[in-house]
Amino acid sequence: MLDLDFIRQNPDRVKKAIRDKNEKADIDSILKMDVTRRQLIQQIDQLRHERKQASEKIARLKKEKKDASDLIQSTKTVGGQIKELEKKLKELNSRFQEQLSWVPNVPAEDVPVGNEKANVEVRQWGQPAKFDFKPLTHWDLGRQLDILDLERATKISGTGFMMLKGAGAQLERALINFMLEIHTGKHGYREISLPFLVNRASMFTTGQLPKLSDDMYRTTEDDFWLIPTGEVPLTNIFQGEVIDRKKLPLNYVAATACFRREAGSYGRETRGINRVHQFTKVELVKFTEPATSFDELEKLTGRVEAILQALGLSYRVIKLATGELSFAGAKTYDLEAWAPGLGRYLEVSSCSNFTDFQARRGNIKFRDQDKKLKFVHTLNGSGLALPRTLICLMETYQQADGSIIIPEVLRPYLGGREMIKS
RNA sequence: GGAAGGGUGGCCGAGUGGUUGAUGGCGCUGGUCUUGAAAAUCAGUGUGGCAGCAAUGUCACCGGGGGUUCGAAUCCCUCCCCUUCCGCCA
C-alpha cells in the first residue's frame, strides 16, 4: 500500500510507476474519489459534532428534570442525515480501498525502466561448468540414478509434482540443513518454523492478494490460503505490531513448503522439476529501519551468494527492470545459477526490498528516535529454492558415467558421502 | 464438534445507557527531595482520520461487523479470537 499523501503529492510519479510495472491502477479515479471522500468526512464530522452537543444538552436537561422532547425530535433528523451519509461514505470507502489495493509499490530510483531486456547483469561469479561429454538434464540423471520419480508423483497428485527418492531426498535434506546452518550460525538469522496455511489478511500484507488470487491454492471451507513462499508467514509475524527500534534490523530464516498453481505455464519451463506446484524453499526475511533498507538489500543478496559460492555453482546477479519487479517490490536482484544440462541460467533466488509497502498493508511499525511511529521496511530473499538448486547441482556435478559428485560442504550432512551413483 | 466463561489504553484491571478516551494500579518520561541511587511525592504519558502554514479545532476508536437509541464500552444480532471442561485425534 502506498501512502495516500504520497499519491496526492506525486500523482505523476505513481502513474509512471504503474505504467513501468505494467499495472492497471487508475490514479485519477482514486484521487477523484479521495476528494469526495474527504468532503463526506467533513460533512459527517460536522453533523456528529452537532449531535454530540445536543445529546449532552439532553443529558443535562434530563438531570434537571426538564423537558427535552423538542430537542430529541430535532436531533433525530440529524441522526438520520448522519446515517445516510455514513452509508454513502462506507460504500465509497470500500471502492476506494479496493482500487487503492491495486496500486503497486514505486520502483526505486536506480531501477532500470523497461521489460526483461532492460534487466541489468550486475555481476557474475564462477565459470559455467565445461564437459568433455554432452551433459545430461537432471531428469535423465535423476531417472538413471533412481533418485527422481516424476511419473509416480504424477500418479499420486498430478502433473507438476515431484518426488525425490533415496540419495535424492537425502541430498535435498542436506541442502536444507546446510543453508539453515549457514544462515543461523554464520549470518545470524533466527530460524522459525511456520504455518503453511494462512488467512486472507496475511496474503494481503505481503501483496499476493488481491492481485495473485488465481495463482494460489486455497481451502474453500475455511478460507485458508496455501503459502506461495515463506515470505508470507515470515513477514506477517509482526502484523499489527510495533517493533522495538533497538531490535532492528531483525533477520529471520525459515524452510517452508511453497505452493503455486502455475496456471498457464507450459513447455520447457515445466519439464523436470524447474517449475512445480509444491516445492521447498529456505527463505530470508528482514525488518529494517527505512534509512538502511537498501544497504540491507545488498547484505541480504550477499548472504544468498555465499550459499551459491559454497556450493560452487556459477551464477549471475541480475538487477530487475521495472516491468519485471513484483507488485510489492521497489528493487529486486535475481540470482541465476547455471544449469549445464538445460544449458541456461535458472532463477534460484530473488532478493527484494519492499520499502514500507508491505509494512503499511500489514501495519508493522517501529518507534523512531523522536518516538514517532513509523513503518518499518521489509525485505526478503530466497536462500535458496530447493528444486532449482538441485537441478544446478546435479547437472553441474555430473560425471561421464552418470554419477554425481557431492560438493564438499554438503558431505557432512550426508554422512561423509562423496558421490551418488547407480 | 458440544458446553461454559472471557476479549477495555504498553501491561494489570474497574466500569450494564448520559460531558467516559474511559477510575485505579504498574510501567514509562520529566520535576522535587538525595552526594548518588532507592523510597516518597508532584506532573505528564494512546492511535488514526479530516481541516489548517501552524497554534489548534474536530471526529472516530473499549476484538470485527451490523442493529436499537437523542445518546452505546455498557442493550440486541452476528462473526472472529482466547481460556476451561467434554468429545475426536497425529
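Order of the sequence lines sets the chain letters (A, B, ...), proteins ahead of strands, with each chain counted from 1.
- Only the P atoms considered, C81(B) is 43 Å distant from A39(B), to the nearest whole Å.
- Distance from the side chain of Lys90(A) is smallest for G66(B) among the nucleotides C50(B), G66(B), U58(B).
- Relative to the side chain of Arg8(A), the nucleotides C50(B), U29(B), G18(B) differ in distance, and C50(B) lies closest.
- For Ile41(A), the listed nucleotide lying nearest its side chain is G49(B); candidates were C70(B), A60(B), G49(B).
- C80(B) atom C1' lies 14 Å from atom CD of Gln239(A), rounded to whole Å.
- Of the candidates His187(A), Glu181(A), Lys186(A), His187(A) is the only one forming a side chain to side chain donor-acceptor pair (under 3.5 Å) with His183(A).
- Comparing the C1' positions of U68(B) and G17(B) gives an interatomic distance of 12 Å, to the nearest angstrom.
- Across G67(B) and C42(B), the matching C1' atoms stand 47 Å from one another, rounded to whole Å.
- Rounded to the nearest Å, the gap between the C1' atom of U16(B) and that of U8(B) is 14 Å.
- Nearest to the side chain of Lys76(A), among A60(B), C70(B), U29(B), sits C70(B).
- Residue-level contact check: Ser55(A) touches the bases, meaning some heavy atom is under 4.0 Å from a base atom.
- Ile44(A) comes within 4.0 angstrom of nothing in the nucleic acid, heavy atoms only.
- Using atom P as the reference point in both G6(B) and G57(B), the two lie 40 Å apart (nearest Å).
- Arg51(A) has no side-chain polar atom (N or O) that falls below the 4.0 Å cut-off from OP1 or OP2 of U69(B).
- Atom CD of Glu86(A) is separated from atom P of C50(B) by 17 Å (rounded to the nearest Å).
- Atoms CD (Glu241(A)) and C1' (C11(B)) sit 15 Å apart, rounded to a whole Å.
- Nearest-nucleotide positions on RNA chain B for Lys63(A) and Lys52(A) put Lys63(A) closer to the 5' end.
- Contact annotation for Arg360(A): no contact, since no heavy-atom pair falls under 4.0 Å across all strands.
- On the P atoms, G31(B) is 13 Å away from G36(B), given to the nearest whole Å.
- Using a 4.0 Å cut-off, some side-chain N or O of Lys83(A) falls inside it from OP1 or OP2 of U68(B).
- Nearest approach of Thr154(A) to Thr159(A), heavy atoms of both residues: CG2-N, 3.7 Å.
- Note: CG (Asp5(A)) to C1' (A51(B)) measures 13 Å, nearest angstrom.
- Looking at heavy-atom distances under 4.0 Å, Lys365(A) makes contact with sugar-phosphate atoms alone, never a base.
- Atom CD in Gln42(A) sits roughly 7 Å away from atom P in G52(B) (whole-Å rounding).
- Among the atoms of the strands shown, none is found under 4.0 Å from any heavy atom of Leu71(A).
- For the 3.5 Å distance criterion, the side chains of Gln208(A) and Thr206(A) qualify, holding a donor opposite an acceptor.
- Lys57(A) comes within 4.0 angstrom of nothing in the nucleic acid, heavy atoms only.
- Remark: C1' of U58(B) and CG of Leu40(A) are 17 Å apart, rounded to the nearest angstrom.
- Considering only side-chain N and O atoms, His49(A) lies under 4.0 angstrom from the phosphate OP1 or OP2 of C59(B).
- Rounded to a whole Å, the CG atom of Asn93(A) is 12 Å from the P atom of G65(B).
- Residue Arg367(A) has a polar side-chain atom (N or O) positioned under 4.0 Å from OP1 or OP2 of U47(B).
- In this structure, of U19(B), G18(B), C59(B), it is U19(B) that holds the atom nearest to the side chain of Glu56(A).
- G64(B) and U58(B): their P atoms are spaced 25 Å apart (whole Å).
- Side chains of Gln99(A) and Ser29(A): a donor on one and an acceptor on the other come within 3.5 Å.
- Between Arg38(A) and A51(B) there is a side-chain N or O to OP1 or OP2 distance below 4.0 Å.
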